[in-house]
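Written below as structure tokens is the structure these notes are about.
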Amino acid sequence: MTKRRLIVALGILGLAAALGIAALAVRYGGGENEAALQPVDIGGPFTMTDQNGETVTEQDLLGHPSLVFFGYTFCPDVCPSTLAEIAGWLDTLGEEGKDLAVYFVTVDPARDTAEALGQYAGYFSPRIVALRGNANQTAEIAASYKAYYKRIEMDDGTGDYLMDHTAAVYLMKSDGTFFDAITFTATPEEAVAKLRRLIAAS
Amino acid sequence: MRFLRPLALVLVLMATGGVASAHEFEIGDLELDHPWIAEPPPGAPTAAGYLEITNESDAADRLIAVRCVFARKAEIHEVTIDAAGTMQMRPLPDGIEIPAGGTVTLARGGYHLMFMHVAERPVAGDMIPVTLIFEHAGEIDVMFSVQKPGMQDDDHMDMDMDMDGTMEMESGQ
Ligand SMILES: [Cu+2]
């Protein structure tokens with residue numbers, strides 16, 4: 001049994017792969033018209049600030065394929081692993097992936113300063129744009145992407161807390177619409193194949 | 001204080017006449033394999049530790065706590081990702097059972113040792129002492145090697161250290 005299989009078995013991980021995003025749209029879309037929610041509903045307006053202090057909105061995602069990933073710097077496991085993998089995908093794609101933009105969105109703006117966020121993302125790749133907003137702006141971008149996040153207090157009197165959050169990487173086409181998602185269990189080969197399809201579709 | 005560098009570790013090993021060549025530790029019937037910490041990005045307040053624990057006895061044991069000096073708080077955590085793609089990370093107050101004759105792997109996307117409020121950023125190549133506390137086997141001091149987080153676990157190189165201080169990299173399967 002390879003370690004990767006073991007990880008899969010251990011983690012009770014999101015086997016639904018891309019389908020998980022559809023499920024996610026249904027689950028977090030809320031409301032009575034859940035059945036009408038489709039992956040096409042993913043993506044939409046937001047106003048955030050990047051690590052250089054520039055404003056980034058949904059308009060900046062137009063004209064090139066994009067990856068969008070939600071996380072926070074207090075996370076030592078899934079977030080850094082995913083960002084490291086994204087950097088690996090970019091390396092593998094090389095010239096082919098030169099138009100891909102990557103956005104890392106913090107779900108924890110209370111602790112993630114713009115500086116810490118920029119350092120964190122930049123460690124993996126200078127191409128990762130780290131996005132931060134205030135509480136309302138964070139709620140807006142999460143709603144646009146049907147991304148879930150929730151603060152979980154650690155009841156040990158330290159004031160520390162954890163964040164539950166959507167861990168899939170969103171693949172967005174150059175017209176700003178949702179294409180597919182890459183989940184944590186995807187192999188690098190699967191991920192790069194999906195990115196090639198995204199680039200071809202953009 | 002800097003963390004112990006590999007050379008210092010070798011000296012420690014020589015002084016105690018302990019662990020021979022492989023980067024593994026033993027306490028009673030427990031074998032602890034490939035303890036490593038993923039190098040955290042600059043500015044990250046946390047770090048995660050991983051290893052493989054094999055229980056060769058015919059009685060279950062339990063990893064119940066972790067202690068270290070490089071971070072103010074250390075806990076045993078579990079990450080799960082549900083079918084909707086939501087990641088949850090939670091402390092395991094009762095720790096992790098190591099079944100009789102079984103192996104438990106702490107790895108990305110599953111169990112990890114969670115180090116919080118890291119005083120000094122661990123850097124690839126550092127060796128960091130961590131104490132693992134088992135319900136039956138008791139306490140054991142383990143040296144964790146800090147490695148870049150760039151690869152999935154099954155792509156990782158296992159680092160073995162010889163008594164003369166040379167490191168051997170072998171492809172982990
Ligand atoms: Cu943790």
Side-chain angles (χ1 to χ4, degrees), chain A residues 2-8 10-16 19-21 23-24 26-28 71 73-81 83-85 87-88 111 113 115-124 148-150 152 154 156 158 160 162-168 181 183-185 187-188, chain B residues 33-34 37-50 52 71-75 77-91 93 96 103-118 121-122 147-156 158 172-173:
Chain A
T2 67
K3 283 187 185 169
R4 187 188 303 282
R5 291 217 179 85
L6 189 63
I7 292 166
V8 172
L10 270 176
I12 319 165
L13 299 176
L15 302 174
L19 294 176
I21 282 293
L24 184 150
V26 171
R27 178 168 160 188
Y28 300 115
T73 72
F74 200 83
C75 163
D77 187 274
V78 167
C79 298
S81 305
L83 292 173
E85 294 210 358
R111 280 186 304 201
T113 63
E115 191 196 353
L117 203 61
Q119 272 190 334
Y120 190 91
Y123 169 78
F124 298 98
Y148 175 81
Y149 67 105
K150 183 166 193 267
I152 306 291
M154 298 182 87
D156 57 3
T158 59
D160 288 333
L162 304 169
M163 298 293 297
D164 292 352
H165 63 88
T166 299
T183 56
F184 188 68
T185 49
T187 65
Chain B
D33 231 340
H34 188 200
I37 289 171
E39 180 184 82
T46 61
Y50 306 97
E52 211 172 272
R72 210 164 74 224
K73 191 158 98 177
E75 294 179 339
H77 277 197
E78 182 177 26
V79 164
T80 56
I81 300 177
D82 68 18
T86 300
M87 190 276 301
Q88 296 194 333
M89 174 167 66
R90 293 285 185 277
I96 301 170
T103 295
V104 172
T105 303
L106 281 69
R108 259 103 55 99
Y111 299 125
H112 61 259
L113 306 175
M114 177 83 169
F115 304 109
M116 285 162 280
H117 307 292
V118 172
R121 177 178 170 240
Q147 297 173 16
K148 296 265 185 194
M151 295 172 280
Q152 285 280 18
D153 295 64
D154 54 353
D155 302 325
H156 266 287
D158 274 323
Q173 271 313 313

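In what follows, chains are A, B, ... by sequence order, proteins preceding strands, each numbered from 1.
Summarising the geometry of B:Arg108 relative to A:Asp77, their closest heavy-atom pair is CA-OD2, 3.5 Å, with the distance given to 0.1 Å. Considering every non-hydrogen atom in both A:Pro76 and B:Ala47, the closest pair reads CB-C, 3.7 Å. The two atoms that bring A:Met163 and B:Met87 nearest to each other are O-CE, 4.0 Å, heavy atoms only.
Considering only heavy-atom pairs separated by less than 4.5 Å from chain A, the leading option among B:Pro42, B:Ala38, B:Pro40 is B:Pro42. Comparing B:Met114, B:Glu75, B:Lys73 by how many heavy-atom pairs each has under 4.5 Å with chain A, the most go to B:Lys73. The candidate from B:His117, B:Arg90, B:His77 with the greatest count of non-hydrogen atom pairs under 4.5 Å with chain A is B:Arg90.
Residues passing the side chain to side chain contact (heavy atoms under 4.5 Å, CB included) test with A:Pro80, sequence neighbours excluded: A:Cys75, A:Tyr120, A:Phe124. Residues satisfying the side chain to side chain donor-acceptor pair (under 3.5 Å) test with A:His165, not counting sequence neighbours, are none.
One N or O on the side chain of B:Thr46 and one on the backbone of A:Phe74 form a donor-acceptor pair closer than 3.5 Å.
Using a 4.5 Å cut-off between heavy atoms, A:Thr113 makes no contact with chain B at all. Interface residue A:Ile152: only side-chain heavy atoms are found under 4.5 Å from chain B.
Looking at heavy atoms from C-beta onward, B:Met89 lies out of side-chain contact with A:Val78 at the 4.5 angstrom threshold.
Expressed to the nearest 0.5 Å, how far CE of B:Met116 lies from CE of A:Met154 amounts to 4.5 Å. Atom OH of residue A:Tyr148 and atom CD of residue B:Gln88 lie 7.0 Å apart, to the nearest 0.5 angstrom. Between atom OG1 of residue A:Thr166 and atom CD1 of residue B:Ile81 there is a gap of 10.5 Å, rounded to the nearest 0.5 Å.
Test A:Asp156, A:Asp160, A:Leu162 against B:Pro91 for side-chain contact (heavy atoms from CB on, under 4.5 Å) and you get one pass: A:Leu162.
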